[in-house]
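A quick write-up on the structure given underneath.
Here is the naming used below: chain letters follow the sequence lines, and residue numbers restart at 1 for every chain.
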Amino acid sequence: MGVIIAKSVNEACAVLAENPATTVLAGGTDLMVQANRGAHSLESVLDLSRIPELKNWSLEGSEMVLGAGISYTDLADPQIAALVPALTQAARTVGSPQIRNAGTLGGNLATASPAGDTIPVLVAMDAVLQLKSSTENREIAITEFITGVKTNALKPGEIIQSIKMPVFQGPQEFLKVGTRNAMVISVVSLALVTDFLGRKLRVGVGSVSPVPFRATAAEEFIAQEFDWETNSALSEKVINKFSELVADSTKPIDDHRGTADYRKHAVGVLAKRALERVCAGEKS
Amino acid sequence: MSRVQTSDTAIKGPRIGESALRPDGIPKVKGEFVFSNDLRHPDMLWGGTLRSPHPAARIVSINVTSALKMTGVRAVITSEDLDDMPLYGLEHPDQPVLADGLVRYQGEPVAIVAADHPENVRLALEAIDVEYELIEPLSDPNLAKEAEAIHPDGNLFREIDLTHGNSQEEGEIIVEGTYEVGMQDQAPLGTESGMAIPSEDGGIDLFVSTQWLHADRDQVAACLNLPTEKVRLTLAGVGGAFGAREDISLHIHLCLLAIKTGKPIKMSYSRTESFHGHVHRHPAQMWYRHHAKSDGTLTRIEARLLLDGGAYASTSSAVLANATCFAAGPYRVPSVEIYGAVVRTNNPPCGAMRGFGCVQVCFAHEAQMDKLAIELGMDPVELRLKNALKPGDQIITGQTITGTAPVAEVIETCAQHPISVGSATQQMELPGGAGRTADPKNVVRGEAIAVGFKNLMFSEGFDDFSTASCQLLDGVATITCACAEVGQGFVTLAQQIVREILGVEEVILAPASTATVGSAGSTSASRQTWMSGGAVKSACEEVRIRLLSRIAESYNLDVESLVIVDGGIASLSSDFSISLKEATAEPIEVEDTYRHLPTHPLDEKGQGDAHVSFAFSAHRAVVDVDQELGLVKVVELITSQDVGRVLNPLQLQGQLEGGAAQGLGLAVLEEINVVDGRILNPSFTDYLLPTSLDMPPVEIAALIEQPEPNAPFGAKGVGEPPAISSTAAVASAVRNATGLDLQRVPIRPTDIVFPERSKNG
Ligand SMILES: Cc1cc2nc3c(=O)[nH]c(=O)nc-3n(C[C@H](O)[C@H](O)[C@H](O)COP(=O)(O)OP(=O)(O)OC[C@H]3O[C@@H](n4cnc5c(N)ncnc54)[C@H](O)[C@@H]3O)c2cc1C
């Protein structure tokens, strides 16, 4: 087994071009669990964790670009938190301090777990992944990138370079249910992103379907009911309807982490609470 | 007993009653402590175990041909290589060393491999071809008694019909309930690991983390068909135990591979393998009916207890005895009828875990007491106080409590202790924690108290003893004892005892080994401070007597006038003095075996003086519950415990905090989910231990110090009670917060969100 520590994205892509069977390693918090379980044999490994470019982020106009190597701890940066608060909130729910120091955004996306915590937020924001290989740069919408339970659209030789998303005006919320108070895989999660300019409430849900998705019916309903001028509290009836529409949009399963009906119920509760919070919040 | 004066200038280290820092504490924090998993030998091979993926199957064939040909592989052993399949077991041998034509639980060892590298071990294990013929697993313990036997010994490990007092007794108030406890894992952070080294005399040296070296040795020797003196076990660094290391795991496998290859063999379980490779806490189903007078006086308790022992016996029968004897809780009950059974199934084997049978029933009897209080319209604390056992009372086995029993004291101090937690100020502190799910308006608070008790040491006539020797040479004491240090604190206690009795500062603790000294018994049943502490104490006392009489004789002094003080021996009636170093240029060595007072078997009615001593504890839990999502946050735990005497305050605090964390885990998080005999969550991804956000600070309301007669220094064992009443208190507080029945632990979110469904099954 050989390990190559790449110093730049181009170098990394060149290595992959030569040997597409090489396994890409970022924080290792998913990969090493697999490897230790014997589920993933490591013939040759390409380490991305020391590529400075992958740790950069930038804001151009109302568009934000985050390097794939950004860790959860990095996402706590107050500047990032001010621009995409739900992503910072989601990052804080991940694992333990050790996992947040090592684990990366790119790793979360490539793993493509239905329970990946950043995914509902990025889905809600219509994030686009910037992929790179030695021969091609391409962009792909997150909902197309994640193709199923733990499968993605990466082609051989390709890495995730960065994630691009619009910056929205308005409060955001991320909520995650787990049986333990910390360091727990999500049973259900929900991101709510308000967009005052576009007059839209964007809802992403996780762990209730093979691929995190937008609750569009609920979004369309609430866009009509929301008070875009004063952001004032909504009636109980409206909140309940919204919550119901979110719950109805899900197709959860039973497993040892939670039952389908609990998941459906809980995602409705999260929708209600998130909505109450963004209404109570100040318009920004 | 004469004591060294407190002003002794020679003693710097902690003595009895003072906080002693663990010698292994800082090395453990720095990662320098050598755990069994760190053992290395330049010449060693690695061992591994092939386990059955099925809970019940016939083995049609095992083909090891290709595994044997693989790179680095030195040995493959299956049942076919062992003539006269050896059996092992802590109480009685019923488990084959390697599955013998039949597998009875998922994870049962089928073959073992030795190779030059762990990766080659893994590949070889994959290359072994086993053909199984599946059998419908017996997974419902309710069906076990009537079902066809899945083992030659039958499906019933033990049943106890306990009858006490007048069975015609009836109560004016009757409450009934059915309770269930899930399967908890000890989850010690160090997994099973060890090393076996073949020796020139044809014997074997085994270095292993365990709770009881001599019991292991006897089972290993019997299975290897070697005389016990040729099997030498030495304790390797233990990373936690909690009962998981009382049984044999990899011990015999290591030795078989070492003998076959002639090489040192190392083995170390992964976390997943560990979940399959040791016994768990017994899941329990319990039905109770409590009768009381309208003033709250308990008149009668009826109960039926069913414990699932899993595939092999382990300590099931002793666990059942405990569950039955302590089923009523620490209360006076004139009339009792309890039927308890523990059965064999194709589920994972169950055995010892901290609290040993008392945890399950405490959850049930305390739920019943709460129910009764509600029915009576009585304060739950008052109800408990009214019925609390006191010295001279009989427990339900008819045994009179001759020692201390400060039940009212633990209840009162715990109940009166002020609650210090305010309401949460940060979202992180609310139920749901880091998930940001709750706002203060979604949260209800509840509070409740629970009381529990347990026997200390082994019961039912078991010949329970510990052996220790003390040698004094050149002013330095060496203690040799096979007591397994698993975190309980014998390493500090032994030194404290020597300083206290011999006035010696420097104490060496020899390695715990079967080669140098007799059995110390198990590090379990809250027994080592009493038993091995007792053995060290009496050995030291004898050394002291011999030392002083030798000096008296040599210098023609009155032995009564001699004292040990300031690092020397002085006479109170003359100006004679001699340093301890000089006085012990010739060594003095004494080995002593300590036994507690004898106990007796239970008779056919479950009556008898089966236990030595009892320890009591109370917990009060304060919880916040998000009822809509079914999420719980325990915000405060208050405890009082009957300890006899505090020997090491710091270590005691550690036991109280750790035990409460384990109890909290069982109340709201920790469960091995078994469906059709299969474990669904054999990893820390889904077997959820409490994190620092789940575990609140533990407030010690009171340590009740009433010296226990016959106990060395008057001290009771303290390790288990913290894990007993804590589960019950947390569950009860959640009931108090939600108004729900909640008859099962761990309490799951669905139990709170869909209470009707979980009641119906
Ligand atoms: C104890 C623990 C707790 C956890 N808790 C959570 C949690 O609460 N929420 C959660 O969502 N996840 C959790 N995880 C999972 C994991 O931490 C995250 O998914 C993390 O984001 C993975 O990132 P990484 O950098 O460690 O990825 P790695 O493990 O290095 O890689 C994971 C996969 O992504 C690929 N990959 C990584 N970077 C790139 C890239 N730039 N381009 C292409 N492919 C790439 C790798 O080849 C590999 O297949 C937890 C894991 C552990 C061990």
Side-chain angles (χ1 to χ4, degrees), chain A residues 1 30 33 35-39 41-42 85-86 88-97 100 113 115 117 172-191 243 254-270 272-274 276-277 280, chain B residues 119 122-123 125-126 270-272 427-439 441-442 624 626-634 665 668-675 679-681 683-696 746-754 757-758:
Chain A
M1 189 187 92
D30 272 324
V33 174
N36 287 334
R37 219 195 289 150
S41 69
L42 303 175
T88 301
Q89 292 165 8
R92 179 57 187 83
T93 74
V94 171
S96 58
R100 292 196 292 276
S113 158
D117 283 328
Q172 304 183 356
E173 283 291 333
F174 177 80
L175 295 81
K176 158 178 163 182
V177 173
T179 313
R180 184 160 66 183
N181 284 296
M183 204 161 92
V184 66
I185 294 182
S186 120
V187 175
V188 294
S189 63
L190 177 136
S243 148
D254 275 330
D255 67 13
H256 57 282
R257 290 181 194 139
T259 59
D261 55 358
Y262 175 75
R263 286 188 158 106
K264 220 176 194 30
H265 162 84
V267 78
V269 174
L270 297 190
K272 191 169 76 173
R273 292 184 183 176
E276 282 168 356
R277 284 183 200 168
Chain B
E119 191 58 13
R122 190 177 69 79
L123 294 171
L125 291 173
E126 275 176 14
S270 70
R271 177 58 55 188
T272 293
Q427 202 154 40
M428 191 81 80
E429 296 168 357
L430 294 167
R436 312 178 68 257
T437 48
D439 295 303
K441 65 172 182 188
N442 309 123
D624 282 348
D626 177 343
Q627 200 156 350
E628 216 176 351
L629 288 176
L631 300 179
V632 175
K633 164 99 179 175
V634 182
V668 291
L669 292 169
E670 292 183 44
E671 180 172 11
I672 299 185
N673 300 117
V674 180
V675 173
I679 300 181
L680 301 183
N681 56 338
S683 92
F684 281 162
T685 306
D686 288 306
Y687 184 87
L688 301 178
L689 295 168
T691 69
S692 57
L693 259 191
D694 299 282
M695 183 62 196
I747 297 169
R748 300 159 296 197
T750 44
D751 297 330
I752 297 174
V753 174
F754 306 123
R757 186 177 64 191
S758 65

Item to check | Criterion side-chain contact (heavy atoms from CB on, under 4.5 Å) on B:Val675 and A:His256, from CA distance to verdict | outcome: CA-CA 10 Å; B:Val675 173; A:His256 57 282; over 6 Å; no
Checklist entry - Taking C-beta and beyond as the side chain, do B:Thr685 and A:Arg257 meet within less than 4.5 Å on heavy atoms? => result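 Yes, close enough: below the 4.5 Å cut-off.
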Item to check | Name of the residue among B:Thr691, B:Leu688, B:Asp686 meeting side-chain contact (heavy atoms from CB on, under 4.5 Å) with A:Val184 | outcome: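 Checked B:Thr691, B:Leu688, B:Asp686 against A:Val184; only one passes side-chain contact (heavy atoms from CB on, under 4.5 Å): B:Leu688.
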Item to check | Selection from A:Val177, A:Asn36, A:Val94, A:Asp261 maximising heavy-atom pairs under 4.5 Å formed with chain B | outcome: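 Most heavy-atom pairs within the cutoff with chain B belong to A:Asp261.
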Interatomic spacing from [atom1] in [X] to [atom2] in [Y] - rounded to 0.5 Å:
X	Y	atom1	atom2	result
B:Glu670	A:Thr179	CD	OG1	13.0 Å
A:Leu175	B:Asp439	CG	CG	8.0 Å
A:Arg180	B:Leu693	CZ	CG	10.5 Å
B:Arg436	A:Arg92	CZ	CZ	11.0 Å

Item to check | side-chain contact (heavy atoms from CB on, under 4.5 Å) assessment of A:Leu270 paired with B:Leu629 | outcome: CA-CA 9 Å; A:Leu270 297 190; B:Leu629 288 176; 4.0 Å; yes
Checklist entry - Taking only residues two or more places apart in sequence or in another chain, which ones pass ring pair (Phe, Tyr, Trp, His ring centres under 6.0 Å) with A:Tyr262? => result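 Scan of A:Tyr262 (ring pair (Phe, Tyr, Trp, His ring centres under 6.0 Å), adjacent residues dropped) gives none.
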Checklist entry - Checking heavy atoms, do the side chain of B:Ser270, its backbone, both or neither come under 4.5 Å from chain A? => result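 Contact with chain A: none, neither part.
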Item to check | Contacting region of B:Leu669 [heavy-atom separation from chain A under 4.5 Å] | outcome: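 When you check distances to chain A, only side chain atoms of B:Leu669 fall under 4.5 Å.
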